[in-house]
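Have a look at the structure below before the remarks.
None of the values given here were measured: they were computed from a predicted structure.
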Amino acid sequence: MDPGQAPRPRLHLILDHTTKNPDAATTATVWNPEDELHGHVDLSSAEDLRIDGITIYFEGVSRNWINETNVRIHRVLKAERKFLSQAHDILPSNISRKDSSPGAFVFEAPFHFIISRAIPCTNPDSPEQCLQLPPSLNLGEEFVDQCTGIRFAQPRIIYFLRATVSFTTRDYQDCKSLETFLPVTIAPYTEELPPTETDDFPMEFKERESKVLRRSLMGGTLGTMNVSLQEPPALVYDTSSTGSSTTALMRLEFQPTSTSSNDVPKSLQGLSFTVFSLVRVKTFYSVKSFPRLPSQTLLESFSEMRLRDGIIKLETQNVRDASWGYRFSLDSQADASPASQLGLSVSAKGASENGNGQVSMTSEPNGKWISNWTVPIEVNGRLLPSFCSSLVARFYTLIVRVKVAGARQERFDLEVPLQVIHTPPGKADSPTVEPVRERFLEYRRASESSWFGDDSLESEQDPPQYYP
């Protein structure tokens with residue numbers, strides 16, 4: 001700039017945090033759907049200006065990048081997708097000039113937005129979870145476009161206020177424009193959806209597994225054990241939650257080989273179990289719109305998509321005295337006495353836990369032994385909600401391994417969906433919420449099956465870090 005030339009005009013966006021976060025000077029402000037974004041834009045100049053127009057935007061953008069695979073020459077693929085844009089044209093009558101020192105000209109104009117709950121969409125076939133506003137998110141390595149200075153990540157979802165102003169200087173009568181941005185952190189509210197139709201994702205989930213139990217490697221068979229796991233109720237966070245918990249129902253069904261009713265209870269009481277569990281965090285991102293709801297199966301055919309895979313370890317359970325109840329088959333119930341139809345239970349703790357009466361059996365029944373367990377899911381810290389957008393999606397699953405001891409060691413590996421939801425505050429709740437910082441996402445899987453490896457599930461240490 002020449003010494004005699006006036007400084008260039010400066011444009012600033014000022015957002016009012018007073019109502020949302022009175023302590024905004026020391027803590028970050030997180031905004032939620034239906035919050036009001038209001039403030040003003042300042043234009044300061046060393047000379048008088050004629051303002052031709054001011055427009056304020058509230059926008060949401062996904063900016064992702066990936067390394068192209070299966071090519072000889074390394075190439076970066078990137079995508080920028082604007083999924084939200086609200087505009088506010090400032091009326092000339094709302095632009096005022098503030099009192100200022102001599103030689104300074106300051107113009108001010110107010111703005112006001114209400115954050116929407118949903119993304120505008122004209123496609124009626126879009127899944128419900130893909131129509132909600134996604135949360136602010138920035139993961140993985142950043143890539144900066146050297147031509148534009150725009151930052152991309154793996155993935156990145158950002159919201160910001162943007163102001164543009166066009167003006168004319170009094171001296172030169174030439175039209176100029178300025179633009180400025182102010183980032184805004186968004187944490188949307190979500191709702192629990194119906195349980196996932198796991199049959200639609202045959203390669204994604206594993207709700208049950210059956211194996212034959214043997215006394216030893218070369219010994220005879222005890223029977224067939226079937227372990228099944230149900231999708232648990234969602235992990236629920238409100239605005240003040242620093243953690244969340246829920247439980248999953250797991251069922252063990254044992255079909256004995258022996259026809260002797262006296263041998264089976266003794267065999268069952270001789271079994272002990274170790275239950276390892278973890279929450280799997282799956283973040284899908286792409287440089288092209290997902291052709292359908294993203295899944296691991298889609299990774300094989302959709303080369304423009306990637307998966308960030310993380311885990312949260314849960315508490316290990318040791319079950320040495322499981323409570324078993326006997327359930328008769330329909331054929332047996334037709335000939336059984338009313339008392340025997342109630343079932344038989346075996347446990348040193350007593351049968352009351354499963355609601356089964358303890359009765360003796362006068363004839364050999366047909367049926368199976370059942371034990372119902374709960375798997376606790378307790379997460380310290382806030383997680384992002386489950387969500388899906390055109391370029392980014394976040395899903396969770398519960399992985400459980402059951403190891404059987406007391407017979408030839410067998411293990412059962414299961415994986416079921418898990419939802420994470422953020423609920424709006426009640427009237428008495430505090431509206432202040434901390435930004436989500438997910439440290440566990442530094443862990444990445446080394447292969448498609450590595451989360452079922454001993455290092456991930458059974459080791460007391462954190463799994464080895466993996467970076468692509």
Side-chain angles (χ1 to χ4, degrees), residues 196 198 201-217 222-233 235 245-255 268 270-282 296 307 309-324 369-380 383 395-420 440-441 443-466:
T196 304
T198 54
F201 305 92
M203 305 301 293
E204 200 89 358
F205 306 109
K206 188 178 182 183
E207 295 180 301
R208 60 186 58 85
E209 187 172 26
S210 294
K211 290 186 177 180
V212 175
L213 296 187
R214 297 179 179 274
R215 291 184 176 87
S216 61
L217 180 62
L222 297 174
T224 301
M225 179 79 74
N226 178 78
V227 181
S228 60
L229 186 67
Q230 294 182 9
E231 177 179 343
L235 286 169
S245 63
T246 186
T247 56
L249 179 62
M250 184 165 61
R251 168 169 289 195
L252 279 68
E253 299 178 354
F254 183 69
Q255 184 77 43
L268 291 175
L271 300 179
S272 61
F273 305 86
T274 305
V275 182
F276 304 94
S277 54
L278 56 85
V279 173
R280 184 179 185 183
V281 186
K282 300 190 291 186
Q296 291 167 239
L307 169 62
D309 216 346
I311 61 170
I312 304 170
K313 283 192 172 183
L314 304 176
E315 183 179 355
T316 299
Q317 292 179 280
N318 295 298
V319 182
R320 304 190 183 279
D321 193 9
S323 180
W324 294 86
W369 294 85
I370 295 175
S371 185
N372 292 321
W373 302 355
T374 56
V375 178
I377 307 166
E378 186 170 347
V379 176
N380 294 320
L383 297 177
F395 300 127
Y396 298 87
T397 64
L398 172 66
I399 292 179
V400 172
R401 166 175 289 175
V402 181
K403 293 190 74 172
V404 185
R408 182 189 174 220
Q409 284 202 350
E410 291 288 356
R411 64 188 188 188
F412 301 80
D413 291 330
L414 306 171
E415 184 170 7
V416 296
L418 173 65
Q419 295 184 51
V420 175
F440 60 87
L441 288 179
Y443 301 122
R444 303 285 303 282
R445 64 179 174 86
S447 69
E448 193 68 28
S449 60
S450 63
W451 286 151
F452 284 109
D454 292 344
D455 286 343
S456 299
L457 280 163
E458 301 181 28
S459 172
E460 294 297 329
Q461 304 298 321
D462 286 328
Q465 296 187 24
Y466 168 73

* To do: Check step by step if side chain to side chain contact (heavy atoms under 4.5 Å, CB included) holds for Thr224 and Phe254.
  => CA-CA 6 Å; Thr224 301; Phe254 183 69; over 6 Å; no

* To do: Determine, step by step, whether Asp309 and Arg280 satisfy the salt bridge (Lys or Arg N to Asp or Glu O under 4.0 Å) criterion, reporting the C-alpha distance in whole Å, the side-chain angles of both residues, the deciding distance to 0.1 Å, and the verdict.
  => CA-CA 7 Å; Asp309 216 346; Arg280 184 179 185 183; 2.7 Å; yes

* To do: Using the side chain to side chain contact (heavy atoms under 4.5 Å, CB included) rule, take Val416 and Gln230 through it: C-alpha gap first, then chi angles, then the decisive distance, then the call.
  => CA-CA 7 Å; Val416 296; Gln230 294 182 9; over 6 Å; no

* Please assess Val402 against Arg411 for the test side chain to side chain contact (heavy atoms under 4.5 Å, CB included), listing each intermediate value before the final yes or no. => CA-CA 5 Å; Val402 181; Arg411 64 188 188 188; over 6 Å; no

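Here the CD-CD1 distance, from Gln255 to Ile370, works out to 10.0 Å after rounding to the nearest 0.5 Å. Here the CG-CG distance, from Leu213 to Leu271, works out to 6.5 Å after rounding to the nearest 0.5 Å. Summarising the geometry, atom OG belonging to Ser245 is positioned 11.0 Å from atom CG belonging to Leu314; distances are rounded to the nearest 0.5 Å. The distance from atom CG of Leu235 to atom OH of Tyr396, rounded to the nearest 0.5 Å, is 9.0 Å. In this structure, CZ in Arg251 is found 10.0 Å from CG in Asn226, a value given to the nearest 0.5 Å. Remark: Leu398 CG to Ile377 CD1 distance equals 4.5 Å, nearest 0.5 Å.
Counting only heavy atoms from C-beta outward, the side chains of Val275 and Val400 approach each other to under 4.5 Å. At least one side-chain heavy atom of Phe412 sits less than 4.5 Å from a side-chain heavy atom of Val404. Side chains of Glu209 and Val227 form no contact here, defined as non-hydrogen atoms less than 4.5 Å apart. Residues Phe276 and Lys403 are in side-chain contact: their nearest non-hydrogen atoms beyond the backbone lie under 4.5 Å apart. Taking 4.5 Å as the limit, every side-chain heavy atom of Glu207 sits out of range of all side-chain heavy atoms of Glu231. Between Leu418 and Pro232 the shortest side-chain heavy-atom distance falls below 4.5 Å. Side-chain atoms of Val279 and Ile311, non-hydrogen and from C-beta on, never get closer than 4.5 Å to each other. No side-chain heavy atom of Met225 sits under 4.5 Å from any side-chain heavy atom of Lys211.
Trp373 and Ser371 share a donor-acceptor pair across their side chains, judged by distance under 3.5 Å alone. Checking Thr198 against Glu204 by side-chain atom types alone, no donor-acceptor pair falls below 3.5 Å.
Scored by the side-chain hydrogen bond (donor to acceptor under 3.5 Å, both in side chains) test, Thr397 finds Glu415 as partners (sequence neighbours excluded). With sequence neighbours left out, the side-chain hydrogen bond (donor to acceptor under 3.5 Å, both in side chains) criterion links Gln317 to no other residue. Residues forming a side chain to side chain contact (heavy atoms under 4.5 Å, CB included) with Arg320 (at least two apart in sequence, or on another chain): Ser272.
For Leu307 against Gln296, the heavy-atom pair with the smallest separation is CD2-CG, 4.3 Å. Closest approach of Leu414 to Ser228, counting heavy atoms only: CD1-C, 4.1 Å. Among all heavy-atom pairs drawn from Val379 and Ile312, the shortest one is CG1-CD1, 4.3 Å. In terms of heavy-atom proximity, Asp413 sits nearest to Lys206 at O-CD, 3.2 Å. Nearest approach of Phe273 to Trp324, heavy atoms of both residues: CZ-CZ2, 4.0 Å.
No donor-acceptor pair under 3.5 Å is formed between the side chain of Thr274 and the backbone N or O of Asn318.
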